[in-house]
Amino acid sequence: MDMDKLVSLCKRRGFIFPSSEIYGGLNGFWDYGPLGVELKNNIKQAWWQDMVRNPPPGPDGEEVVILGVDCAIIMNPRVWEASGHVSGFADPMVDCKKCRKRFRADKVWLAAYVDAEGVSEADLLAVVEQLRTSATAAGTVSQAVASPKLVVPLEADGRDEAERHTLSKTQQKAFKHKPIRLLFPLPQAPASWPRKCPACGEGDLTEPRSFNLMFKTFVGALEDASSVAYLRPETAQGIFVNFKNVLDSSRVKLPFGIAQIGKAFRNEINPRNFTFRSREFEQMEIEFFCHPGESMKWYRYWRDVRKEWYTRLGIRSERLRPREQGKDELAHYSIGTTDIEYLFPFSNEPQELEGVAHRGCFDLSQHQQFSGKDLSYFDEAAWERDKAALGFTSFKEWVKSNPPKEQVEKYQFIPHVIEPSAGADRFTLAVLCEAYDEDEIGGEKRVVMRFHPRLAPIKAAVLPLVNKDGMPERALALYRELKREFPVFYDDSGAIGRRYRRQDEIGTPYCFTIDGQTAEDGTITLRNRDDCVQIRIPIAAAADELRKRIRD
RNA sequence: GCGGGCGUAGCUCAAUUGGCAGAGCGCCAGCCUUCCAAGCUGGCUGUUGUGGGUUCGAGUCCCAUCGCCCGCUCCA
C-alpha cells in the first residue's frame, strides 16, 4: 500500500487535513475533517463501550469494573515533578552517537589521569569539589588539565559521592603507575577533552541538548516563573492523582480500573509519518489497580484483551505484532511491558499502537511522597477474614504489635497498576492503512476503504436508482427515517455506478437503492461494499437490517 | 537537530534557454439514464507555499522562511 495514496485520499475526501493549512500548516499538528471525526469518534466510542462499560470477563470469569474520568489538561506542575517528567527531561542530555545510549549531561563525568609531580590526590579532589560548587578552575587543575594522559568518562548516576571520584577497577588496571584523577561534570569539562561514551567507551557524545518534551504555558495573565504550567504529556497522571477521589466516591473495591480519553501534548523532536508522531494527540488510557500479588494475572489479562480488541475491529493479524519488551528496554520501575505494534506502510519496523505496562506501585508511591497524602488501600475483606486467626479485632492495634511488614501489606498496601495506554490517532491511522484497498469490479479499478462497519464514518447511503417515477420521494423518506439513528448519506447525483464508487472510497459498508420494483412490492436492494453483492429486502426492514449488521 | 530532494487547480501532474499558466480526473448545473466511475451540453477552480531579490520579463535563476518526502537523529 502506498502511503501517498492514502494521504491524498484523506485530504480529498475529508478525513484528515494539515492543521491551519491556509497558513502553510504547522509541523506535527493535524485536523480531522467531516469523515475523519466520525471515524475517530467511532473508535473512541468503541473503546469506551468495550473497555469501560462492558469489559470482557476477568481472568477467573469475574466482572471487571472500570470507571471513567475526564481530567483537566493543565495540572498542578508538581504532578510532573512526581511523575518524573520535569526532572527527567528538563535537564540537558547527551547521546552516544554509536550505541545510542542517553545520559544526563551533568551525570557524565570526564576524568583525566595526570602524571603530576608534587600534587597530592587530596589537593586535587579538593579543587574538584570547589569546581563543582563554583565552576572556577584553580591553577593546579588548569596545569594538570593542560596535559592529560588519558580521558575516561564516567557515568555518575546512581553512585554516591565517593564513587564519583573513583574509576572502575578495570579502568585503573589500565595504568601501571598510580594516576592522579581529575573529574569534571561534562558541561564544565575543558572543551579539548574527548567526550567518549561511558557505556560503550567508543562513541562520541553529542553536545548537551535540552530535552524537555513538555509544552510549557502560563496560568494567569502574568508570565512569570511562578505561573509556569505544562500541557499534560500523558493522560495517566490525571488518573493517578484522582485515585483516592474515585475510590472514596464510587463504592468500588480492588481490583478496579480508571479510564480516560483525552488530548496529550509532546514536543516531539521530529514529527513525521503523517499523523503517527503528532505533537498533539489523543490517548485512551486505563490504569487498572490491583493487589500486588494478583498483578501478573491482570497484566496478562490486559495484554490479551487489548490485542484481541484490535483484531476484532479489523486489524489483520499478521500486521499486528504484540511484542514483549526486553529487560533493557523497560523503565526502571516496570516489571513488564508489552508493546502492541502495527506494521505501517511507511516503515519496515512495526510501530507502537499501545503499550500495556506493569508499572508496579511506582506512580502512586511517587504521588504519595510528593503530595504527602496517603494513597494506600485497605483490604477490609481480607482483614475481616483473617483477624480472628491473628487474634485482633482492630487493624491499628495489630499494627502496633509490630507484625512483619509483609504481613501488614497483605491488608494495607499501595496498589500495583497495569496500564494499557493506547493512541487514538495512531489506531485511527492504522485503521485507515488497514482499510485501504484497490480491486477490480467488472474490469474497472476501484478504491475501497474496507472499514469494519462499526467504525465506518457513514453506515449506509440511500440512493434512488433514477430521479423519476417517485423514486426520489421514497428514497428521501427512507433517508429521513434512517438518519434519526445512523450516520447515513443521501445521493441522487450521477449514474448509480458512480455513486456506489463514491461510497466505496469513503468506506460506506452498505447502500440502499430504491428502484422500479420498490413501487410494486415495497422492496429495495441492499448492496454490500466489499463484494458488491446485492440482496432485496423490504424497505420497512432497512433499519433493522442495518442495526443488525453494524453490531459487532 | 543534520544532509539530500520537493512545493503549479480539490487530486495526479505538464509548461522548451527566463517569454500569453495548461491537461486529465474530480466537482457543480442541466439533459439522458432501470444497478457498478457510460454519454452529451455548459460551468467553477490558481497572488505557481510565503516574503524578498536579479531581470524588459520569473512557475523557471538567487536569498530567506514555512511545509512535505527520503536518510541519519529522536521517539520518556
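None of the values given here were measured: they were computed from a predicted structure. So that the names make sense, note that chain A is the first sequence line, chain B the second, and so on, each numbered from 1.
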Could you please name the option among [options] that lies closest to any side-chain atom of [X]?
X: A:N27; options: B:C36, B:G67, B:A76; value: B:G67
X: A:I496; options: B:C35, B:C36, B:U33; value: B:C35
X: A:A495; options: B:A38, B:A76, B:C35; value: B:A38
X: A:N273; options: B:C70, B:A37, B:U34; value: B:C70

Which of A:R321, A:R323, A:R426 passes salt bridge (Lys or Arg N to Asp or Glu O under 4.0 Å) with A:D339? It is A:R323
Which of A:R549, A:R446, A:R450 passes salt bridge (Lys or Arg N to Asp or Glu O under 4.0 Å) with A:D530? Answer is A:R450
Is [X] salt-bridged to [Y], cutoff N-O under 4.0 Å?
X: A:R499; Y: A:D491; value: no
X: A:D304; Y: A:K307; value: no
X: A:R502; Y: A:E505; value: no

Taking the same atom, C1', in B:G18 and in B:C74, what whole-Å distance lies between them?
42 Å
Would you classify [X] as touching base, sugar-phosphate or nothing, given that sugar-phosphate means primed atoms plus P, OP1 and OP2, and contacts are heavy atoms under 4.0 Å?
X: A:E234; result: nothing
X: A:D4; result: nothing
X: A:P18; result: nothing
X: A:D515; result: base
X: A:R499; result: nothing
X: A:F274; result: sugar-phosphate
X: A:K445; result: base
X: A:S8; result: sugar-phosphate
X: A:D469; result: base

Heavy-atom nearest nucleotide on RNA chain B taken for A:C532 and for A:F276; more 5' hit belongs to A:C532
5'-most contact on RNA chain B (nearest-nucleotide basis), A:Q517 vs A:R426, goes to A:Q517
*Looking only at side chains, do A:S295 and A:H358 share a donor and an acceptor under 3.5 Å apart?*
yes
query: Can you find a side-chain donor-acceptor pair between A:T428 and A:Y32 that sits under 3.5 Å?
result: no
Protein-nucleotides 26-29 of chain B N/O pairs under 3.5 Å:
unit_1, atom_1, unit_2, atom_2, d
B:G26, OP1, A:R498, NH1, 3.2
B:C27, OP1, A:R502, NH1, 2.7
B:C27, OP2, A:R498, NH1, 3.3

Between CG of A:L465 and C1' of B:C36 the distance, given in whole Å, is 11 Å
Tell me whether the side-chain N/O atoms of A:K11 come closer than 4.0 Å to OP1 or OP2 in B:C11. yes
Counter-base of [N], judged by Watson-Crick or G-U geometry with both distances under 3.5 Å:
N: B:U60; value: none
N: B:G67; value: B:C6
N: B:C27; value: B:G43
N: B:A14; value: none
N: B:U54; value: none
N: B:C72; value: B:G1

Report task. Would you confirm whether the ring centroid of A:F274 sits within less than 6.0 angstrom of the ring centroid of A:W30? Result -> yes
